[in-house]
Amino acid sequence: MLLNYQQTKVKAGRIRKYQAILPNKREETIIAQKTKKSSSDKAKKIQWHPAFYAAAELELKENIEELDLISEYHLSKEPIRIDLLIIKEENAEKVMKNEIGHIMRKYNVLEYKGPGDELSIDTLYKTLGYACLYKGYGKTIDEIPADELTVSLFREAYPRELFFELERKGYVLEEKYPGIYYVSGNILFPVQIVVISRLNRTMHSSLRILSANADIEDIRKFLEQTENMKTPRERNNIDAVLQASVSANYEIYQKVRRANGMCEALRELMKDEIEQDVARGEARGEARGEMRGRAEGIVDTCCDLGLPEDAILERLQKKLNISLQTAQEYLQTFGKQIVKN
């Protein structure tokens, strides 16, 4: 008898929040354990999985209209669920444009391990088991053909022990693309293991910044590539990725916003901190006891934060209750290098 199951079907851009808490077994010295535990605990509090779902959608955006993305797919009444299930529409292109999607067929099971989570041989077998259960729970016999199923596993760090164990068992690993390893041999479904830290920086910035130690160049590349993405679906995904990445790498993002100016998404995400900094700048100006002093404090702070010209003018008008012309005069007098929109 077929078991009933629930599924949460998430069309692009609407993904429910979910946080996985998995055991982290490491044999370290007492001091190292405490240090790593603190870092690991912080990473586990961050909502990495919703960010991964959003990053996956950004990665596959060229084919997104042909795909159904289903997060936390329930395989049964019990709490057994797939991190992300991707189903191609009937009229979808045979091969997706993004290299991560090249291996994918009609039904694709994705397992994601966040920073600090382990990716072991057992993780692989568990995910293969999910794929088998997904096939077995079809509504009719062979509704989900085995030759239309694939499995993908994602992790930031290189899974050295897993790869060693796979080779020891006779499986063949091929690095098909940078950071993307195909597993072949006596295995049920086509399998790829994606090592996020080794992916091409230009092609996969949305995944690469899902790190507790994000590289500043990856952050800049992501902000540059997403600057012109304006649809609600795209903005929702960008916000989800940034929310996790900024939470884990706050100091790095502070450097980015001061050095390069900010895109709209980052400016919105960090608006509370920006307003606090602007308020401190205004307070410094007020200490001088005059309108020009307040204006200079606001302009100095906004320039240091890398805010664009229109954002600075808006703050001057609002904070000082002055006209646009007067605000422009203050900006011309006190402005440093201004970011043009």
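The two atoms that bring Ala51 and Ala240 nearest to each other are CB-O, 3.6 Å, heavy atoms only. Ala54 and Val241 get closest at one heavy-atom pair: CB-CG2, 3.9 Å. Residues Ile322 and Leu316 come closest through the heavy atom pair CG1-O, 3.7 Å. Of all the heavy atoms in Tyr171 and Gly185, the pair that sits closest is CD2-CA, 4.3 Å. Nearest heavy atom pair, residue Ala248 against residue Ser211, reads CB-O, 3.8 Å.
To the nearest 0.5 Å, the span separating NE2 on His102 from OH on Tyr182 amounts to 7.0 Å. To the nearest 0.5 Å, atoms OG (Ser205) and CD1 (Ile219) are separated by 10.5 Å. Going from atom CZ of Arg235 over to atom CG of Leu242 covers 8.5 Å, rounded to the nearest 0.5 Å. To the nearest 0.5 Å, the span separating CG on Asn236 from OG1 on Thr231 amounts to 8.5 Å. The distance from the CG atom of Leu331 to the OG1 atom of Thr326 is 12.5 Å, given to the nearest 0.5 Å. Note that CG of Leu58 is 5.0 Å distant from OG of Ser206, once rounded to the nearest 0.5 Å.
Side chains of Leu85 and Val109 form a contact here, defined as non-hydrogen atoms less than 4.5 Å apart. Side-chain contact between Asn237 and Met229 is absent, with no heavy atoms from C-beta onward closer than 4.5 Å. At least one side-chain heavy atom of Met104 sits under 4.5 Å from a side-chain heavy atom of Leu110. A heavy-atom distance below 4.5 Å is found between the side chains of Leu313 and Gln328. The shortest distance between side-chain heavy atoms of Asp239 and Gln243 does not fall below 4.5 Å. You'll find the side chain of Val151 stays beyond 4.5 Å of the side chain of Glu111, heavy atoms only. Residues Leu124 and Leu166 have side chains in contact (heavy-atom distance under 4.5 Å, counting atoms from C-beta outward).
Pairs of residues two or more places apart, or lying in two chains, never qualify as salt bridge (Lys or Arg N to Asp or Glu O under 4.0 Å) while including a residue from residues 171-191.
Hydrophobic clustering, with ILVMFWY side chains joined whenever heavy atoms are under 4.5 angstrom apart, keeps Phe222 apart from Met203. Cluster membership check: Tyr250 shares its hydrophobic cluster with Ile46, using side-chain heavy-atom separations under 4.5 Å among Ile, Leu, Val, Met, Phe, Trp and Tyr. Follow the hydrophobic side-chain contacts under 4.5 Å out from Val172 and you never reach Tyr181; the two are in separate clusters. When hydrophobic clusters are built by joining Ile, Leu, Val, Met, Phe, Trp and Tyr residues whose side-chain heavy atoms come closer than 4.5 Å, directly or via intermediates, Phe164 is not grouped with Tyr125.
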Verdict with supporting geometry, Glu148 and Arg105, salt bridge (charged side-chain N to carboxylate O under 4.0 Å, His left out)
CA-CA 5 Å; Glu148 288 294 332; Arg105 299 179 182 175; over 6 Å; no
Next item on the list: Evaluate side-chain contact (heavy atoms from CB on, under 4.5 Å) for Lys126 paired with Asp122, printing each intermediate quantity in order.
Entry: CA-CA 6 Å; Lys126 179 189 76 172; Asp122 288 341; over 6 Å; no
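Between the side chain of Thr150 and the backbone N or O of Ile103 there is no donor-acceptor pair closer than 3.5 Å. A donor-acceptor pair under 3.5 Å is absent between the side-chain atoms of Glu234 and the main chain of Asn228, judged by distance alone. Side chain of Lys135 to main chain of Ile144: a donor-acceptor pair is present (N/O by atom type, distance under 3.5 Å, no hydrogens or angles). Asn98 contributes no side-chain N or O that, together with a main-chain N or O of Glu62, makes up a donor-acceptor pair within less than 3.5 Å.
The number of heavy atoms from other shown groups lying within 6.0 Å of CG (Asn321) does not exceed 12. Annotation: Glu165, atom CD; neighbour count of heavy atoms from other residues, nucleotides and ligands within 6.0 Å is above 12.
Between Glu217 and Arg208 there is no salt bridge, since no side-chain N of the basic residue sits under 4.0 Å from a carboxylate O of the acidic one.
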Check residues 186-199 and write down every donor-acceptor pair under 3.5 Å in which the side-chain atom is one partner and the other belongs to a residue at least two apart or another chain.
residue	atom	partner	partner atom	Å
Gln192	NE2	Ile100	O	2.9
Gln192	NE2	Ser152	OG	2.9
Ser197	OG	Glu156	O	2.7

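Under the side chain to side chain contact (heavy atoms under 4.5 Å, CB included) test applied with Asn108, the options Leu69, Leu67, Ile86, Leu84 reduce to a single match, Ile86. The only member of Leu119, Thr123, Asp117 that meets side chain to side chain contact (heavy atoms under 4.5 Å, CB included) when paired with Arg155 is Leu119. Here the rule is side chain to side chain contact (heavy atoms under 4.5 Å, CB included) with Glu66, and of Lys88, Met96, Glu90, Glu93 only Glu93 fits it.
Aromatic ring orientation, His49 versus Tyr53: perpendicular (interplanar angle above 60°, classes split at 30° and 60°). Using a 30° and 60° split on the angle between ring planes, Phe52 and Tyr112 fall in the parallel class, below 30°.
Residues Tyr130 and Tyr73 keep their aromatic ring centres 6.0 Å or farther apart.
Taking the side-chain contact (heavy atoms from CB on, under 4.5 Å) definition, one finds that Glu167 meets it with Leu173, sequence neighbours left out.
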